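Okay, structure first, notes after.
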Amino acid sequence: MNASTARALFVGLLVAVWVWLSGQARLRVEVWPGIVALACYLAAGGGVSGLQKTVIGTLSGVVWVLVADAVRVAVGGTSIVAALIAGGMAVGIILVARVPFLGFVAGAFAGAGVAWGLRVNTFQEGIQVGIALVVGALVGFLAERLAGAVAARRA
């Protein structure tokens, strides 16, 4: 079995375990945001670098949504104000990518999209979403490591 097939099988196994555990053990960790983070991990190239990019990127997106919501509440106003704040958030995500460790723009937008989709507006909700995003990235990392261990055993 090649490394790509092994990684695919381990990703599938770990996702299946996560879905089962979330139903059986009533874990309060959403699966679908983790799947988004898993995709980001794979898009970031995997490995330790991909894990770092994914975790930092997706969590920064959650922070952007929390900040944008706090500004929206503080300013109040109409839907046009909320739209302008959201646009400002998008500009900020892209401009902050100049900072090397915040350079994974796709991860930041994915994290922001998840947080926005779940209507995250409190720090506690942000932490819950953040945990799901980190678990998703770790699923990819763990699957890759397990696939590498299997490939090394066969060699």
Side-chain angles (χ1 to χ4, degrees), residues 1-70 72 85-86 89-155:
M1 174 180 341
N2 66 28
S4 179
T5 302
R7 181 174 64 174
L9 291 173
F10 279 116
V11 165
L13 174 66
L14 292 172
V15 167
V17 167
W18 186 5
V19 170
W20 180 79
L21 280 174
S22 70
Q24 296 300 312
R26 300 189 201 288
L27 294 177
R28 307 227 357 122
V29 178
E30 292 269 355
V31 174
W32 75 265
I35 299 300
V36 171
L38 172 60
C40 288
Y41 171 80
L42 296 171
V48 172
S49 174
L51 180 63
Q52 290 171 336
K53 288 177 186 177
T54 299
V55 169
I56 292 169
T58 56
L59 293 180
S60 75
V62 173
V63 170
W64 276 104
V65 168
L66 287 169
V67 169
D69 189 63
R72 183 192 57 78
I85 291 168
M89 178 187 77
V91 169
I93 287 172
I94 292 171
L95 290 178
V96 167
R98 294 176 183 168
V99 177
F101 70 93
L102 293 172
F104 189 40
V105 174
F109 273 109
V114 166
W116 203 341
L118 289 171
R119 301 191 192 291
V120 169
N121 59 13
T122 67
F123 188 69
Q124 182 178 352
E125 292 169 345
I127 289 173
Q128 288 175 322
V129 169
I131 290 169
L133 292 169
V134 170
V135 169
L138 287 171
V139 163
F141 183 76
L142 183 57
E144 192 173 70
R145 292 297 163 135
L146 290 170
V150 166
R153 273 189 140 180
R154 297 187 135 256

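Just so it is clear, the model here is predicted, and its values are computed rather than measured.
For the atom pair Leu133 CG and Leu38 CG, the distance stands at 11.5 Å (nearest 0.5 Å). Residue Ile94 holds its CD1 atom at 10.5 Å from CE of Met89, rounded to the nearest 0.5 Å. Here the CZ atom belonging to Phe123 is positioned 8.0 Å from the CG atom belonging to Leu66, to the nearest 0.5 angstrom. One distance of note links CG of Leu142 with CG of Leu13; it measures 9.5 Å at 0.5 Å rounding. Here CD1 of Ile93 is found 4.5 Å from CZ of Phe109. Values are rounded to the nearest 0.5 Å. Considering CG of Leu102 and CG of Leu95, their distance stands at 12.0 Å, rounded to 0.5 Å.
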> Is there a side-chain contact (heavy atoms from CB on, under 4.5 Å) between Leu42 and Arg7 once you walk through the steps?
Replying inline: CA-CA 11 Å; Leu42 296 171; Arg7 181 174 64 174; 4.0 Å; yes
>> Does Val139 form a side-chain contact (heavy atoms from CB on, under 4.5 Å) with Phe10? I'd like the steps, not just the answer.
In response: CA-CA 9 Å; Val139 163; Phe10 279 116; over 6 Å; no
>> Let's go through Leu59 and Val134 carefully: what are the C-alpha distance in whole Å and the side-chain angles of both, what is the deciding distance for side-chain contact (heavy atoms from CB on, under 4.5 Å) to 0.1 Å, and is it a yes or a no?
In response: CA-CA 8 Å; Leu59 293 180; Val134 170; 4.1 Å; yes
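In terms of heavy atoms, Val62 sits closest to Gly111 at CG2-O, 3.8 Å. Closest approach of Phe141 and Tyr41 over heavy atoms only: CA-OH, 3.4 Å. Residues Cys40 and Ala106 approach most closely at SG-O, 4.5 Å, considering heavy atoms. When all heavy atoms are compared, the tightest approach of Ala44 to Phe104 is CB-CZ, 3.8 Å.
Between Pro33 and Leu118 the shortest side-chain heavy-atom distance falls below 4.5 Å.
The environment of Trp116 atom CH2 is sparse: at most 12 non-hydrogen atoms of other residues, nucleotides or ligands sit within 6.0 angstrom.
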